[in-house]
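Here's the structure, in C-alpha cells; my notes come after.
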Amino acid sequence: QEIVVAPGDRLYALGHAVRSQDGVLVLRAGSGPGQELFISTFSEADLQEIARDQIRKLWLAAAMVIALGALGAVLIALS
C-alpha cells in the first residue's frame, strides 16, 4: 500500500538500515528467509497493542464457538 507521509512525521521501520557512502539512510529487508521490510506510521507500542487486541478478539471468537457447540450438545441431549 502506498501512502503520503508528511515531512517530519515519525515512522517505525523494521528491517535492515545502512548508510550509503553519501550519507543517505537506506532501508531494506533483512537477509534471512522470510524477512521483510516493514514501515508504519504507528509506533512500535501502538503496533504491539493492535496485535494484542487482535489476539484477544481471536480468543473471544474461539470461546464463543466452543460455548455455542457445548450449548448445542446440551440442547440435543435434552431433546
Side-chain angles (χ1 to χ4, degrees):
Q1 179 180 0
E2 185 174 318
I3 62 170
V4 176
V5 179
D9 282 356
R10 296 181 64 97
L11 295 175
Y12 171 73
L14 180 62
H16 184 71
V18 294
R19 291 240 178 239
S20 65
Q21 289 183 355
D22 57 358
V24 174
L25 183 63
V26 178
L27 299 172
R28 61 178 74 131
S31 58
Q35 293 182 340
E36 299 180 28
L37 174 61
F38 180 82
I39 300 175
S40 177
T41 55
F42 290 105
S43 69
E44 182 177 10
D46 291 340
L47 292 170
Q48 289 173 343
E49 181 57 35
I50 291 168
R52 279 192 293 273
D53 186 51
Q54 292 297 317
I55 291 169
R56 281 191 292 268
K57 288 177 183 177
L58 285 173
W59 277 107
L60 178 60
M64 290 174 62
V65 167
I66 291 169
L68 288 174
L71 179 62
V74 168
L75 291 175
I76 289 171
L78 293 177
S79 61

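What you see is a predicted model; the values in this text were computed from it and never measured.
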Quiz item: With side chains defined as the heavy atoms from C-beta onward, is the minimum distance between Glu44 and Leu14 less than 4.5 Å?
Solution: no
Quiz prompt | Atom CZ of Phe42: over 12 foreign heavy atoms under 6.0 Å | solution = no
Self-check item: Value rounded to 0.5 Å, distance of CZ in Phe38 from CG in Leu47
Solution: 5.0 Å
Quiz prompt | Residue list, salt bridge (charged side-chain N to carboxylate O under 4.0 Å, His left out) with Asp53, at least two apart or on another chain | solution = Arg56, Lys57
Self-check item: Linked, directly or transitively: Leu37 and Val5 (ILVMFWY side chains, under 4.5 Å)
Solution: yes
Quiz item: Do other residues, nucleotides or ligands put more than 12 heavy atoms under 6.0 Å from Arg52 CZ?
Solution: yes
Exercise. Say whether Ile39 and Ile3 are linked into one hydrophobic cluster, either directly or through other cluster members, by side-chain heavy-atom distances under 4.5 angstrom.
Key: yes
Quiz item: Listed by chain and number, what are the salt bridge (charged side-chain N to carboxylate O under 4.0 Å, His left out) partners of Arg19, not counting sequence neighbours?
Solution: none
Quiz item: Does Glu36 CD have over 12 foreign heavy atoms under 6.0 Å away?
Solution: no
Quiz prompt | Separation of Leu60 CG from Ile55 CD1 (nearest 0.5 Å) | solution = 14.0 Å
Quiz item: When rounded to the nearest 0.5 angstrom, what distance separates CG in Leu11 from OG1 in Thr41?
Solution: 7.0 Å
